[in-house]
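Heads up, the thing below is written out as structure tokens.
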Amino acid sequence: MSIRPDYNFTEIESSWQKYWEDSKTFAASSETDKEKYYILDMFPYPSGAGLHIGHPEGYTGTDILARYQKAKGKNVLHPIGWDAFGLPTEQYAIKTGKHPRQTSVDNIATFRKQLKEIGFSYDYNREVDTTDPRYYRWTQWIFLQLFKRGLAYVDKRPVWWCEELGTVLANEEVIDGKSERGSYPVVRRNLRQWILKITAYADRLLEDLKEVDWPASTKKMQSEWIGKSTGATARFELDGLNETLEIYTTRPDTLMGATYMVLSPEHSLVGQLTVEEQKTEVEEYIKTSAGKSDLERTDLAKEKTGVFSGSYAIHPITTDRIPIWIADYVLISYGTGAIMAVPAHDKRDFEFAEQFGLPIVQVIKGESDEPLPYIGDGSLINSGEFDGLPWQEAKRQIIAKLGANGTGEKSTQYKLRDWLFSRQRYWGEPFPVAWVSEENYQAAVKSGTLDEWLPEDPVRYRDENGERFALPVPPASLPLELPNVESYEPAGTGESPLKNAEEWMEIWYQFETGAFVPATQEKPEGNAWVRASRETNTMPQWAGSCWYYLRYMDPHNSAALASPEALEYWKSPDMYIGGAEHAVLHLLYSRFWHKVLYDEGIVKTKEPFAKLFHQGMLLGEDGQKMSKSRGNVISPSVVIDRYGADTLRLYLMFLGPLEAMKPWSSKGIEGVYRFLKKVWRESIGRDGSLNSKIQDGIEDRKETEKLLNETIKKVTEDTENIRLNTAISSMMIFANHMQSSESISLSAAKRFLQLLAPYAPHIAEELWNRMGETESITLAPWPTVDESKLVSDEVKIIFQVNGKMRGQTMVSQSATQEDILEIARQEPRVQAQIDGKTIRKIIFVPGKILNIVAN
RNA sequence: GCCCGGGUGGCGGAAUCGGUAGACGCAGCGGACUUAAAAUCCGUUGUCCGUAAGGACGUGGGGGUUCAAGUCCCCCCCCGGGCACCA
């Protein structure tokens with residue numbers, strides 16, 4: 001039987017958690033005259049495994065900031081929710097037959113309970129759940145905004161297909177060209193997909209990065225992902241064919257060095273360009289490259305492959321005949337899918353030319369004799385009329401010449417591709433569209449009821465069954481809810497399990513109201529009833545997470561995604577903290593949707609996340625990434641049982657800078673636990689009443705006052721700048737001082753507790769209460785620094801000789817250089833160093849250093 | 001290959017307007033309290049030389065600038081992350 005610990009965290013923590021919940025301490029206020037502070041966490045995917053230690057790391061960071069800003073008097077919005085659509089839940093359903101909805105509800109309950117045990121100051125009244133029809137109603141509504149703006153379309157796209165499993169696989173489910181489940185072979189297969197035209201926003205997504213306060217590396221990653229480049233397109237006549245070949249280059253200055261052309265195997269002109277005698281070889285090559293996975297294509301990067309087409313292009317300036325090759329180092333998805341090859345000045349072209357014995361003509365010359373391929377700058381040679389021009393000037397002149405010929409012009413390209421926005425899955429948002437015949441589409445157009453929601457050009461799709469048109473469902477009829485299905489297994493055709501929900505899929509459909517009945521029933525009366533099919537695809541998990549930060553502002557609104565007043569007041573999060581793994585996709589997709597909503601006049605800011613911070617990854621005790629198989633996983637609940645939530649929070653922050661990657665240490669946590677026990681002991685005596693050293697109304701020693709104010713200053717600054725580890729250090733220093741002090745004023749003890757409160761809120765509340773306060777410590781205004789207490793009469797001066805420390809002294813603030821020099825000369829260590837030397841110079845940094853330069 | 005981050009005691013990490021390197025914590029060592037343990041407290045701990053006072057060395061390696069460099073400049077090595085034939 002263990003002795004009841006004097007610091008009984010279990011009791012304290014659960015009682016204060018209950019208090020906060022009952023008192024609605026953290027409900028964001030609706031008083032909109034107060035200054036707002038909106039701080040956002042990346043909401044979790046509620047997996048079956050429960051909370052991972054990585055979650056509370058970032059969440060403690062935001063919680064400290066939220067509580068701090070509240071103490072500073074801001075109206076704080078600090079919400080949490082659940083990104084609950086997703087693959088693992090669906091796979092669990094396939095395995096067990098349990099409805100994904102039920103799994104989500106259960107997992108969410110576990111997550112919520114675990115988060116509450118850590119004492120986060122979330123406004124749980126504002127929880128969102130992406131799988132709740134009341135939420136995804138608005139995800140679908142935003143999709144309709146994109147749809148009507150012509151930003152959504154349908155096309156075939158290659159996706160991973162596994163014949164044995166009869167399903168489409170996500171990139172993450174394909175490991176080394178085999179399915180993750182069962183290790184079956186996978187191939188690329190073209191399937192019908194919804195695609196969002198994010199490329200239409202490429203420039204703005206790039207430009208507006210300048211406006212946001214994000215980690216530089218994340219901005220850079222985004223801008224590289226968007227991948228803007230400027231160059232020129234040029235059109236080459238084809239020898240003996242009535243066609244032109246368009247290419248894109250960033251180096252129009254090297255046009256005169258183009259010695260051959262390359263087409264991607266998928267290029268539409270390949271067929272026409274291939275001469276009879278090359279036909280077998282070319283067809284064989286196309287077949288081989290089509291069978292290669294992305295992995296193989298890049299893995300084989302060292303050895304370039306390709307075949308000659310037998311045809312020639314005409315150089316637009318020299319009119320020389322240049323051979324045309326087919327090679328898969330040219331990607332169909334970038335530029336025009338064809339290039340002019342300049343082997344002298346491009347590494348890849350150089351390798352290819354070497355391999356196939358193609359001519360290499362140097363046209364740029366640098367300062368010295370650089371080896372080829374030469375990528376740097378210089379001026380032109382072997383370029384006829386352009387010889388001698390600096391390359392930048394040559395770019396302009398060559399583009400101008402092409403322009404005059406009508407054979408080319410300046411152009412811009414992006415690496416960013418349109419966003420593949422559909423999944424062949426059950427557990428996702430259904431697309432709010434109905435597929436109808438052209439005739440029925442026209443009827444719906446004529447009816448005028450959908451006028452505001454129709455795109456200028458209809459979204460259509462043609463397959464072996466003919467052409468169908470996508471009609472938006474009337475927004476008022478949203479949400480379009482997921483039907484129940486017998487089985488969550490894929491349909492085996494490459495379509496989602498929804499295909500099997502026939503009564504939902506094949507329907508009689510009222511395009512004015514969105515009403516529907518199964519097609520197996522009799523057609524209801526009325527002109528607006530037409531035969532329709534539902535979309536079998538569902539939206540990807542990104543959809544719900546693209547806009548959740550908006551829903552938190554007004555989560556229960558059934559008339560809009562959020563009221564204009566709420567959007568106007570909260571605008572967008574002031575701080576967003578989450579993992580760097582979302583540096584590109586989630587953040588880019590969110591920014592895209594936000595900009596569409598901005599164009600629609602719904603949101604008031606151009607960018608969703610003005611300030612972004614990434615917490616670093618937490619490693620296992622062995623310095624390795626935590627994983628079940630390594631057995632180095634730390635469970636938050638185990639830590640809480642043993643040390644309490646305050647210790648967990650404090651230790652997570654004390655480990656190192658929030659942004660750093662750092663290993664857990666089960667020994668290290670003892671240190672912060674001891675610190676909290678010390679704080680407890682210094683506040684509460686053995687008998688449970690206030691420690692007798694804390695006295696009301698007494699004057700603190702100068703030293704104590706100085707340290708307290710230094711601590712307030714340090715904790716304030718460090719909290720503002722998210723240097724939470726050093727804020728904790730300074731609180732430890734103060735606690736050590738309390739311990740060694742005979743007495744301390746009640747007022748000082750209380751101010752210290754306030755500093756601690758955002759970090760270790762339960763113990764702070766408890767001690768605050770025991771010090772006689774009746775209201776929550778979260779309502780007390782943040783302590784201010786009394787600058788007058790920071791200055792002391794004396795200051796420490798370090799003596800140096802030739803820059804090396806040789807002693808120190810305390811002198812009055814008013815001491816002059818001469819005074820201090822005199823003291824330094826008395827110092828034996830200084831004397832020993834300057835003895836027999838000539839003093840050349842004295843460097844004096846007031847309040848810090850006196851350096852004697854002597855030799 | 002390219003682009004970012006980063007290398008500081010036995011360990012996690014402090015200190016970057018150039019100004020005492022190693023705050024705070026862990027671990028270690030010595031001690032107090034205790035029948036004993038837990039808990040707690042006190043002292044000590046970069047390396048080397050020295051009984052000590054003190055001295056020399058020391059922030060991945062090499063060079064440089066400076067009265068003074070973890071911090072600034074040049075070259076190199078290592079680790080982590082991202083991208084990866086984008087013409």
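Order of the sequence lines sets the chain letters (A, B, ...), proteins ahead of strands, with each chain counted from 1.
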I'd like a table of donor-acceptor pairs (distance under 3.5 Å, sequence neighbours excluded) in which one partner is a side-chain atom from residues 802-809 of chain A, with atom names and distances.
| unit_1 | atom_1 | unit_2 | atom_2 | d |
| --- | --- | --- | --- | --- |
| A:Asn802 | OD1 | A:Ala854 | N | 3.0 |
| A:Asn802 | ND2 | A:Ala854 | O | 3.0 |

(request) Choose from B:A68, B:C85, B:C41 the nucleotide whose nearest atom is closest to any side-chain atom of A:Arg681. (result) B:C41

(message) Between the base of B:U40 and the side chain of A:Lys677, is one N or O donor paired with an acceptor at under 3.5 angstrom?
(response) no

(request) For A:Leu655, answer base if it contacts any base atom (sugar-phosphate contacts may also be present), sugar-phosphate if it contacts only those atoms, and nothing otherwise; contact means non-hydrogen atoms under 4.0 Å. (result) sugar-phosphate

(message) Using a distance-only criterion (donor-acceptor N/O pair, under 3.5 Å, no hydrogens), is the base of B:C85 paired with the side chain of A:Lys304?
(response) yes

(request) Would you please indicate if the ring centroids of A:Phe308 and A:Phe356 are separated by under 6.0 Å? (result) no

(message) Using whole Å, what does the distance between atom P of nucleotide B:A56 and atom CZ of A:Arg829 come to?
(response) 9 Å

(message) At 4.0 Å (heavy atoms only), tell me whether A:Gln413 reaches a base, stays on the sugar-phosphate, or touches nothing.
(response) nothing

(request) Write down the distance between CD1 (A:Ile324) and P (B:A87), rounded to a whole number of angstrom. (result) 21 Å

(message) Once you apply a heavy-atom cut-off of 4.0 Å, does A:Lys667 come out as touching a base, just sugar-phosphate, or nothing?
(response) sugar-phosphate

(request) Report the stems of RNA chain B as range-with-range entries sorted by first number; a stem here is at least three consecutive pairs, Watson-Crick or G-U wobble, both distances under 3.5 Å, and write none if there are none. (result) B:1-7 with B:77-83, B:10-12 with B:24-26, B:28-32 with B:40-44, B:46-49 with B:54-57, B:60-64 with B:72-76

(message) What I want to check is whether an N or O donor and acceptor connect the side chain of A:Glu670 with the base of B:G25 at under 3.5 Å.
(response) no

